[in-house]
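Because the structure is predicted, anything quoted here is derived from the model rather than measured. We use all heavy atoms of the structure for the numbers below, so side chains are in, but hydrogens, waters and symmetry mates are not.
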Amino acid sequence: MTTTTANSVPLDVAAIRADFPILTRTVRDGKPLVYLDSGATSQKPAQVLEAERRFLETSNAAVHRGAHQLAEEATDAYESARVRIAEFVGASPHELVFTKNATEGINLVAYAMSNAATAGPEAERFKLGPGDEIVITEMEHHANLVPWQQLCQRTGATLKWFSVTADGRLDLSNVDELITERTKVLAFTHQSNVLGTINPVEFLVKKARKVGALVVLDACQSVPHFPVDLHALDVDFAAFAGHKMVGPYGIGVLYGRRELLEAMPPFLTGGSMIELVRMEQTTFAAPPQRFEAGTPMTSQAVGLGAAADYLSAIGMDRVAAHEHLLTEAALAGLGEIPGVRIIGPTDMADRGGLVSFVIDGVHPHDSGQVLDSLGVAVRVGHHCAWPLHRACSVPATVRASFYVYNTLSEVDALVNGVREAQKFFGVA
Amino acid sequence: MTTTTANSVPLDVAAIRADFPILTRTVRDGKPLVYLDSGATSQKPAQVLEAERRFLETSNAAVHRGAHQLAEEATDAYESARVRIAEFVGASPHELVFTKNATEGINLVAYAMSNAATAGPEAERFKLGPGDEIVITEMEHHANLVPWQQLCQRTGATLKWFSVTADGRLDLSNVDELITERTKVLAFTHQSNVLGTINPVEFLVKKARKVGALVVLDACQSVPHFPVDLHALDVDFAAFAGHKMVGPYGIGVLYGRRELLEAMPPFLTGGSMIELVRMEQTTFAAPPQRFEAGTPMTSQAVGLGAAADYLSAIGMDRVAAHEHLLTEAALAGLGEIPGVRIIGPTDMADRGGLVSFVIDGVHPHDSGQVLDSLGVAVRVGHHCAWPLHRACSVPATVRASFYVYNTLSEVDALVNGVREAQKFFGVA
Amino acid sequence: MNLESMYQEIILDHYKNPHGRGLREPYDAESFQVNPTCGDEVTLRVKVDDGKVADVSYEGQGCSISQASTSVLTDLVVGHTVEEAFTTMDAFVELMQGKGQIEPDEDVLEDGIAFAGVAKYPARVKCALLGWMAFKDAVARTTNGVETA
Amino acid sequence: MNLESMYQEIILDHYKNPHGRGLREPYDAESFQVNPTCGDEVTLRVKVDDGKVADVSYEGQGCSISQASTSVLTDLVVGHTVEEAFTTMDAFVELMQGKGQIEPDEDVLEDGIAFAGVAKYPARVKCALLGWMAFKDAVARTTNGVETA
Ligand SMILES: Cc1ncc(COP(=O)(O)O)c(C=O)c1O
Ligand SMILES: Cc1ncc(COP(=O)(O)O)c(C=O)c1O
């Protein structure tokens with residue numbers, strides 16, 4: 001988790017910032033950019049941009065197809081990226097499927113499950129129908145909510161969910177009513193993208209195992225921010241996105257336990273995922289190829305490999321410790337301002353590097369605008385977690401999210417900006 | 001189509017080649033690279049690489065979400081790319097959905113159609129069931145074949161297909177038996193990625209309109225290679241990929257007629273495609289957002305916009321004329337070699353810029369290896385069109401595919417390489 | 001950025017003291033509109049008598065921009081014919097989509113001209129138009145007879 | 001590239017004059033394997049008597065590499081115990097997956113050492129292994145009793 005290891009050396013943030021060309025720019029009439037929106041998408045270091053460019057300028061070709069030298073080099077670059085990314089998250093390479101984003105990864109699992117209805121007997125274990133239940137939580141990002149609603153709509157299964165407590169934690173008081181023999185899937189986020197809450201994976205996996213439910217982990221906000229070992233977590237599936245971990249857009253990763261991927265019917269179909277094609281019928285390749293239809297995001301995989309290398313070189317423990325520091329400062333700074341309410345845990349236990357809040361009397365959109373005018377880029381709105389906002393009785397929040405390149409003085413800029421917003425709207 | 005307009009100035013290929021850094025490299029112990037595999041994936045000019053890089057280094061942020069300046073700039077870059085790409089193919093911006101590749105685009109339509117079963121009454125027109133028929137052709141890429149097989153499997157509809165004649169054209173003799181009142185979808189490729197054949201879109205659209213079938217055009221091998229005006233073609237859907245048109249990996253485009261996209265149920269679900277989300281139920285945004293779940297391939301859209309600009313600046317008429325020249329030369333050169341058999345039309349009528357062939361007595365894989373040893377990169381195998389190869393009674397072919405940066409002397413290198421292969425394997 | 005260019009005094013005034021706020025009876029049609037990116041929402045009712053907008057009442061939650069523009073809306077349309085109201089609406093929509101390049105006509109838009117600065121911020125344009133979309137939709141519902149109360 | 005480093009004389013000889021080609025009866029199990037990227041296929045039958053590979057027969061279509069390696073396979077396994085055959089197979093697979101870095105042992109692989117050059121071409125490794133995958137699968141089917149003819 002996010003505890004600082006005693007002997008971890010703090011990050012050399014100045015050196016890190018030098019890797020990110022965008023951080024030198026100014027916004028809104030010359031204000032230095034204070035980018036506090038990495039929870040939405042991170043910035044990319046020159047190392048990642050270079051890796052992708054170098055690939056495209058020297059080895060670009062269709063992978064897994066041609067027999068010429070470029071095709072060999074490209075295939076090698078693509079597959080070696082898979083190996084490095086697998087290592088980064090404690091998985092085996094053939095357990096990683098490249099998707100376009102995390103959303104596709106979760107949809108992949110949900111569609112494979114409804115496809116099981118008309119696939120062979122191998123797929124039996126993925127079948128869902130009336131009486132079966134899918135359990136999620138009220139703090140899910142829409143990406144880990146709507147696909148399950150839709151799966152229920154397609155199959156007749158029922159959606160259930162954990163509530164959220166007043167202090168922004170999962171309400172586990174009714175866990176044994178929710179996770180029962182009827183539960184076929186338990187899907188939840190590792191870290192909330194709004195509250196910052198880190199959920200108790202081990203506990204929930206144990207509950208799911210007892211009833212034989214599949215566990216799908218939304219790892220979008222964990223893999224980029226602290227060390228994640230998927231084998232150790234013992235989840236069945238996990239999804240995360242490249243663009244939130246200093247990697248390229250257009251690439252995400254779905255992890256699936258080997259034996260599950262092997263039994264699971266395909267989702268997208270087309271080239272490169274087949275074994276034998278006839279007009280009448282098609283058989284499919286082994287995973288991960290079975291789930292990678294069409295020309296893959298080749299250069300993006302190379303870029304994501306470089307991103308994993310970049311984060312590994314820093315050390316994920318140190319990334320987490322750095323964010324811990326910034327978040328602690330933000331909670332303290334914002335906590336001191338009358339009329340500012342933190343949405344999510346106000347202490348640092350099981351909590352990651354982002355802070356959402358509201359300013360009494362100033363709509364989040366307006367708060368964000370004032371911050372923007374000062375060069376501070378935050379996100380405002382429901383952050384694709386609308387039900388969570390309803391549960392917290394706020395229409396929207398302001399979210400500041402931190403990453404390796406942020407500094408304590410940027411936290412100060414945030415806190416000062418909030419005071420400015422109060423002044424501007426006359427509520428301070 | 002691919003006819004040379006009288007007043008079209010030939011391409012300045014030397015200047016174009018200078019835009020593509022990879023073309024200066026050598027392969028296999030110092031041989032200049034002769035890249036004849038653009039049908040699989042094209043190389044990328046510096047202009048496209050630069051556009052993407054500039055975006056990432058200056059305006060990178062999550063689109064359609066944040067209210068800060070970077071987010072505004074990013075959204076603007078993303079949406080302006082959509083406008084330019086729409087112009088490039090004769091469509092309106094809100095009719096273009098960004099997908100990860102062309103394969104996803106076709107799957108999107110196929111899944112939306114099976115999702116119609118449990119969507120509202122608006123989606124009625126997309127519903128399929130037993131008795132309904134989907135008509136494709138034997139020359140389809142797996143991407144325009146397997147998704148329809150799977151849709152039939154999910155819905156109980158029946159798949160039918162046009163055969164291919166001995167000279168590599170669609171066999172239209174039984175068109176009125178195939179396209180009937182039962183036909184709900186007619187899906188076919190604009191240009192075959194193996195034969196080079198350009199199919200009679202106008203004729204087929206007319207037949208489909210008569211019976212009320214939806215027309216899905218696989219435009220993967222047409223949009224990059226000759227002028228395509230989707231509104232003029234009057235198809236209902238069309239799919240193509242960025243990486244085959246000097247654009248980035250990880251982005252494709254699905255075109256859909258406005259009123260169809262508006263009535264069509266969603267496919268991938270999650271963030272950015274919703275209208276209102278509750279735990280119990282979700283409503284969806286208008287197209288194209290409805291079909292773009294999750295964080296989009298933002299920088300890739302910017303890159304694809306630059307690719308459309310690049311091709312427009314050359315002029316698609318001239319691109320087609322140039323490929324026409326090269327293909328004519330290749331057909332002539334290869335046609336002179338005893339023991340070489342062209343798979344596909346041997347004349348230039350309704351035919352695009354690629355040539356597939358076999359060498360008697362030398363397996364395509366071995367032919368490709370000899371060519372590779374000479375620096376000539378071609379593709380060997382079934383090119384994701386296995387049923388077509390079966391129909392042509394060849395297990396595999398060698399394919400040389402041309403683009404703006406290829407030269408007549410590269411065609412010579414191909415022809416000489418084929419003679420070398422015959423010599424090496426003792427069949428000349 | 002100059003915050004004041006977006007948040008003109010007029011806007012802040014309407015925000016703090018909205019005109020015509022609250023849902024009232026009788027009404028002919030109601031529309032619920034939401035901005036899916038930020039969650040802002042408005043419920044708006046119209047009463048149309050003899051082709052004239054007799055009343056507009058609304059409630060909702062949202063930022064200063066969306067609240068103020070709905071308040072300005074009531075000033076601009078109530079008492080006018082539906083046709084006049086739609087002409088005003090078109091002018092307002094054009095202003096908002098003009099990326100800050102359009103000079104607003106005070107005779108037509110009155111307090112609405114204060115939103116000229118907002119047009120430079122694409123992310124906020126939707127806020128400014130939320131109430132207007134609800135108005136347009138509600139009026140359409142009255143004439144369609146979809147909803148009459 | 002030196003074409004001869006991949007296409008050793010031995011490989012071309014086996015390609016032109018394959019050993020043991022053709023499907024024969026009796027057999028205990030059959031396996032069909034295909035290389036999905038190029039369409040090469042092989043159907044291979046094994047007959048196992050008292051733990052010994054009594055016969056391997058096959059037919060298929062494919063490039064010189066896949067055809068020659070299946071021909072070499074028959075030389076290497078027929079007349080040997082299944083255990084010996086699998087040891088040989090492991091050595092061959094290791095050679096092919098060694099990216100050209102492994103020195104083959106001629107005592108074990110005999111003509112198979114000619115494929116050392118192929119290991120440098122990742123796209124062709126699958127070709128060289130196609131027949132061996134069929135052999136492995138067919139033997140598994142005999143002992144599983146899945147198929148006995
Ligand atoms: C005719 C045709 N259709 C579909 C595709 C699939 O495109 P993609 O792999 O980009 O999804 C290709 C290329 O691979 C093609 O040539
Ligand atoms: C917790 C969480 N889940 C899922 C997603 C969706 O990721 P993507 O948009 O890359 O598909 C995000 C980010 O948007 C997220 O923060």
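Residue A:S367: no heavy atom, backbone or side chain, is found under 4.5 Å from chain B. Heavy-atom distances place both the backbone and the side chain of A:L56 under 4.5 Å from chain B. Both the backbone and the side chain of A:Q43 come within contact range of chain B, with heavy atoms under 4.5 Å apart. A:Q300 touches chain B through its side chain: at least one heavy atom from C-beta onward sits under 4.5 Å away, while N, CA, C and O do not. Both the backbone and the side chain of A:N60 come within contact range of chain B, each with at least one heavy atom under 4.5 Å from a heavy atom of that chain. Heavy-atom distances place the side chain of A:E73, and not its backbone, under 4.5 Å from chain B. In this structure, the portions of A:R154 lying under 4.5 Å from any heavy atom of chain B include both its backbone and its side chain. For A:R278, the parts lying under 4.5 angstrom from a heavy atom of chain B are both the backbone and the side chain.
The greatest number of non-hydrogen atom pairs below 4.5 Å with chain A, out of B:M297, B:H141, B:H142, is found for B:H142. Per-residue counts of heavy-atom pairs under 4.5 Å with chain A were compared for B:N115, B:I136, B:I251, B:L159; the largest is that of B:N115. Counting heavy-atom pairs closer than 4.5 Å to chain B, the top residue among A:L108, A:V380, A:L276, A:L23 is A:L276.
In this structure, B:K44 forms a cation-pi arrangement with B:Y249, its terminal cationic atom sitting closer than 6.0 Å to the ring centre and no more than 45° off the ring axis.
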